[in-house]
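Data block below; observations after.
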Amino acid sequence: MKKIIVVFSKALKLMRSPASEWKNIAAEEGGIRDLFVNFLLPFTLITMLACFIGYGIVGSKQSMFGLVASEKLGIRYALYYAFLLIGSIFISTSILSILAPFFEATSNFSRNFRLIVYSFSPSMTATLLLIIPLFAPLVLLAGIYNLIILLSGLTRMTFVPVNKKWGYFAAIVGTLVFVFFAVAKILTQIIIN
């Protein structure tokens, strides 16, 4: 429970004052494994629990069937959102690291991973809303704030030159949107349908 509080506290600090929190994040020494275990994994587990409660107990509108709640549906959505979150982050970080040299930014996977993971804080926090599946679109809206957080940490985390910052940001946004929807489509076919 203490780890969950620490994770939410860090996410809220980043959302309230991104500039000062990015300074702390840039100085962090932990690697990919530490960030995965201590930040991304707890959020993923919270997301899975919220999905299971929302789709397995509360219920969601399923086309012509009306309000449906089942353990099977809860498990499917829990797995869907977990794989979507983790898959999108790792794939986006890989592409970001490949694109970095074109914008004279660092292609350090660990720093890029930190940038992407922490910039997902608003939407990962919003996944609590999945307890009521009707609010699922609000998680996507939180994704807009992800981009603001990402922009505020871009220079500090990637060392991109000021004159290339906006081009790099546009490339990252395009990558994030493409990867998210591609992974979502694939997972929908594999897990949901």
Worksheet item: For residues Thr44 and Thr47, is any side-chain donor paired with an opposing acceptor at under 3.5 Å?
Response: no
Smallest heavy-atom separation, Pro42 atom then Phe36 atom, equals CD-O, 4.2 Å
Distance col, row Ile116:CD1 vs Phe109:CZ, nearest 0.5 angstrom, shows 9.5 Å
>> Under the criterion side-chain contact (heavy atoms from CB on, under 4.5 Å), I'd like the reasoning laid out for Trp166 against Val160: C-alpha separation, chi angles, the key distance, then a yes or no.
In response: CA-CA 10 Å; Trp166 286 101; Val160 65; over 6 Å; no
Q.
Between Phe102 and Tyr168, is the ring-ring contact (aromatic ring centres under 6.0 Å, His included) condition met? List the steps.
A. CA-CA 9 Å; Phe102 295 103; Tyr168 194 34; over 10 Å; no
Working note: Lys23 + Glu28, criterion salt bridge (charged side-chain N to carboxylate O under 4.0 Å, His left out); need CA distance, chi angles, decisive distance, verdict. CA-CA 9 Å; Lys23 195 180 296 184; Glu28 285 179 2; over 6 Å; no
Report yes or no: is the cationic atom of Lys10 (NZ for Lys, CZ for Arg) closer than 6.0 Å to the six-membered ring centre of Tyr118, at no more than 45° off its axis?
yes
Between Lys165 and Leu154 the two heavy atoms that sit nearest each other are O-CD2, 3.8 Å
Q) Do Thr93 and Val117 come close enough that some side-chain heavy atom pair is under 4.5 Å? A) no
In one Ile/Leu/Val/Met/Phe/Trp/Tyr side-chain cluster, 4.5 Å: Phe159, Trp22
no
Thr188 vs Ile191 side-chain heavy atoms within contact, under 4.5 Å: no
Distance col, row Arg114:CZ vs Ile32:CD1, nearest 0.5 angstrom, shows 9.5 Å
For Phe39 and Ser121, the nearest pair of non-hydrogen atoms, with its separation, is CZ-OG, 3.5 Å
key: Derivation and outcome, side-chain contact (heavy atoms from CB on, under 4.5 Å), residues Leu40 and Leu85   = CA-CA 9 Å; Leu40 183 55; Leu85 181 61; 4.1 Å; yes
So that I can tick it off, tell me whether Arg16 and Glu21 are bridged by a salt bridge, with the cut-off set at under 4.0 angstrom between side-chain N and carboxylate O. no
| query | Honestly curious: do Phe180 and Ile148 fall in one hydrophobic cluster under the side-chain, below-4.5 Å linking rule? | reply | yes
*Carefully, step by step, assess Ser17 and Ser20 under the rule side-chain hydrogen bond (donor to acceptor under 3.5 Å, both in side chains).*
CA-CA 6 Å; Ser17 54; Ser20 63; 3.3 Å; yes
For Pro18 and Tyr145 the tightest heavy-atom approach is CG-OH, 4.5 Å
Trace of the side-chain hydrogen bond (donor to acceptor under 3.5 Å, both in side chains) decision for Asn146 with Ser123
CA-CA 7 Å; Asn146 288 359; Ser123 57; 2.8 Å; yes
_Given 3.5 Å as the limit, does a donor-acceptor pair link the side chain of Arg111 with the main chain of Thr158, or not?_
no
Residues passing the side-chain hydrogen bond (donor to acceptor under 3.5 Å, both in side chains) test with Asn108, sequence neighbours excluded, are none
Note: Ala50 and Thr127 closest approach over all heavy atoms is CB-O, 3.5 Å
- Does any non-hydrogen side-chain atom of Arg156 lie less than 4.5 Å from one of Leu115? no
In short, salt bridge (Lys or Arg N to Asp or Glu O under 4.0 Å) pairs touching residues 90-109 with sequence neighbours left out are Glu104-Lys164
Open item on the list: Within the 4.5 Å heavy-atom criterion, are Leu147 and Phe169 side-chain neighbours or not?
Closed with: yes
Worksheet entry | Val173-Leu84 co-clustered via ILVMFWY side chain contacts under 4.5 Å | yes
CE (Met124) and OH (Tyr81) are apart, to the nearest 0.5 Å, by 15.0 Å
When rounded to the nearest 0.5 Å, the distance separating OG of Ser92 from CG of Asn112 is 11.0 Å
Here the pair of heavy atoms bringing Ala142 nearest to Ala126 is CB-CB, 3.7 Å
In this structure, CZ of Arg76 is separated from CD1 of Ile192 (nearest 0.5 Å) by 7.0 Å
Trace of the side-chain contact (heavy atoms from CB on, under 4.5 Å) decision for Asn38 with Leu35:
CA-CA 5 Å; Asn38 296 318; Leu35 184 57; over 6 Å; no
ILVMFWY network linking Ile95 to Phe178, side-chain heavy atoms under 4.5 angstrom: yes
Residues at least two apart in sequence or cross-chain that pass ring pair (Phe, Tyr, Trp, His ring centres under 6.0 Å) with Phe90, listed by chain then number, are Phe113
When rounded to the nearest 0.5 Å, the distance separating CG of Leu96 from CD1 of Ile89 is 12.5 Å
Is Phe181 reachable from Ile86 through a run of hydrophobic residues whose side-chain heavy atoms are each under 4.5 Å from the next? yes
